[in-house]
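Here's the structure we're looking at; comments come further down.
Every value quoted in this text rests on a predicted model; they were computed, and no experiment measured them. Both ligands and their constituent atoms are indexed starting at 1 by order of listing.
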Amino acid sequence: MPTPYTPIGPVTAERIPATIRRVKVPFVDLATQYAAIRGEVLPAMEEVLESAAFVLGPHVAAFEQHFAAYIGARYCVGVESGTAALKLALAGLGIGPGDEVVLPANTYIASALAISAVGATPLPVDVDDAYGLDPNAFEAAITPRTKAVMPVHLYGQAVPMRPILDVAERYGLRVVEDACQAHGAKIDGRRAGAIGDAGCFSFYPGKNLGAYGDGGAIVTNDERLYERLLLERDFGQKKKYEHLIKGDNCRLDAIQAAVLDVKLRYLDEWNERRRDHAALYDALLAIAGFETPKNRNAEGHVYHLYVTQVRDRDRVRDELASRGIATGIHYPVPIHLQPAYADLGILPGRFPVTETAARRILSLPMYPELEANQIRHVVDTLREVAEPALRLRASVA
Ligand SMILES: *Cc1c(COP(=O)(O)O)cnc(C)c1O
């Protein structure tokens, strides 16, 4: 139980030292990261430019090999984005029109869009108190048309996969992990993405492992799927002009692969720093009586996002912004309440945990280069402008 925060007196702007009052805290800070690795990134990019192999080629192959080894999967296929990774994985596993895929209602829209893009229907279900796919809700949603499940390792925390794999096995469903926010996350000693039939990653710049543009990858241990994915991403060809299937063009480019290969070497260190920051947030927020995110396994969480909950969230967010603190909401509108998914016909109130969270969640600044004084400043300011909202049970909407 967090100790309630006891104020030592009114916290007014005048009481805050000028040096701290000026602290600006961005949500992420990619420029500072670039400054630190510039000396390695630029030569790596130049090597690609000089090689003139811009799409796929040896730099992409090298990164794929390194990333597969890092995640602990046999194969990796680099693609143009996380969304493309999800689409290809689903299509490669034979998911298509008439099929249903279960996914959590609290996720980024791309998880659902990928399912729709292959012609299947997303079946959103409620999440548990750690924002992950609830295995009971998953099982309850299964119909004869359900062919796959897409657990999302949201915010950098791997979903416990054992119960999900058990249900999937019993019903003969495919498992496509959306690990787009979970580069390096672990559960039960394995890395997110290497556990299901396929694991999908995004290398969008702000992700824990981010390119300088779009990028993505699929990892798998399934050789047949791997061969299929190689065709899918490159016009259905293995040999030039020999098109075995009606494939797509969604390849990873070599400059991004070269950047990613440099950054991959820092990923563990960066994730470690994120965990340190989360521990400091946890301690300070608990003292102040604020919600701290439920951490299922301290070692395995890579804190892509640090998400608390507050009352009157939108006002709090504006006040933080006016004091120079950038925050995010991941995500303000659950999948089933998005206009694009009105056709699912799911009414508000159906997924109380997700819907309550959507009104209260607030993502605080989180990136490796964040400093302790910035974290203290964020929590001090939050104490000034917000009331704690301890996590609500589903019944207390
Ligand atoms: C970022 C993200 C995606 C999509 O990745 P892109 O590379 O932007 O296409 C999919 N799912 C989740 C959970 C994400 O965070």
Give me the pairs of N or O atoms, one from ligand 1 and one from the protein, that sit under 3.5 Å apart.
unit_1: ligand 1; atom_1: 5 (O); unit_2: Ser202; atom_2: OG; d: 3.3
unit_1: ligand 1; atom_1: 7 (O); unit_2: Gly82; atom_2: N; d: 2.7
unit_1: ligand 1; atom_1: 7 (O); unit_2: Ser202; atom_2: OG; d: 2.6
unit_1: ligand 1; atom_1: 9 (O); unit_2: Gly82; atom_2: N; d: 3.4
unit_1: ligand 1; atom_1: 9 (O); unit_2: Thr83; atom_2: N; d: 2.9
unit_1: ligand 1; atom_1: 9 (O); unit_2: Thr83; atom_2: OG1; d: 2.5
unit_1: ligand 1; atom_1: 11 (N); unit_2: Asp178; atom_2: OD1; d: 3.4
unit_1: ligand 1; atom_1: 11 (N); unit_2: Asp178; atom_2: OD2; d: 2.8
unit_1: ligand 1; atom_1: 15 (O); unit_2: Gln181; atom_2: NE2; d: 2.9
unit_1: ligand 1; atom_1: 15 (O); unit_2: Lys207; atom_2: NZ; d: 2.9

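Counting non-hydrogen atoms of neighbouring residues, nucleotides and ligands closer than 6.0 angstrom, the OH atom of Tyr108 reaches no more than 12 such neighbours.
Looking at Leu320 and Leu362, their side chains come closer than 4.5 Å, going by heavy atoms from C-beta outward. The shortest distance between side-chain heavy atoms of His330 and Tyr131 does not fall below 4.5 Å.
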N/O donor to acceptor pairs below 3.5 angstrom from side-chain atoms of residues 51-65, sequence neighbours left out:
unit_1: Ser51; atom_1: OG; unit_2: Val48; atom_2: O; d: 2.8
unit_1: Ser51; atom_1: OG; unit_2: Ala53; atom_2: N; d: 3.2
unit_1: His59; atom_1: NE2; unit_2: Glu47; atom_2: OE2; d: 3.2
unit_1: Glu64; atom_1: OE2; unit_2: Gly78; atom_2: N; d: 2.6
unit_1: Glu64; atom_1: OE2; unit_2: Arg233; atom_2: NH1; d: 2.7

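Screening residues 333-357 for ring-ring contact (aromatic ring centres under 6.0 Å, His included), with sequence neighbours left out, gives His336-Phe351.
Other residues sharing a hydrophobic cluster with Val333 under the 4.5 Å side-chain heavy-atom criterion for ILVMFWY residues are Leu337.
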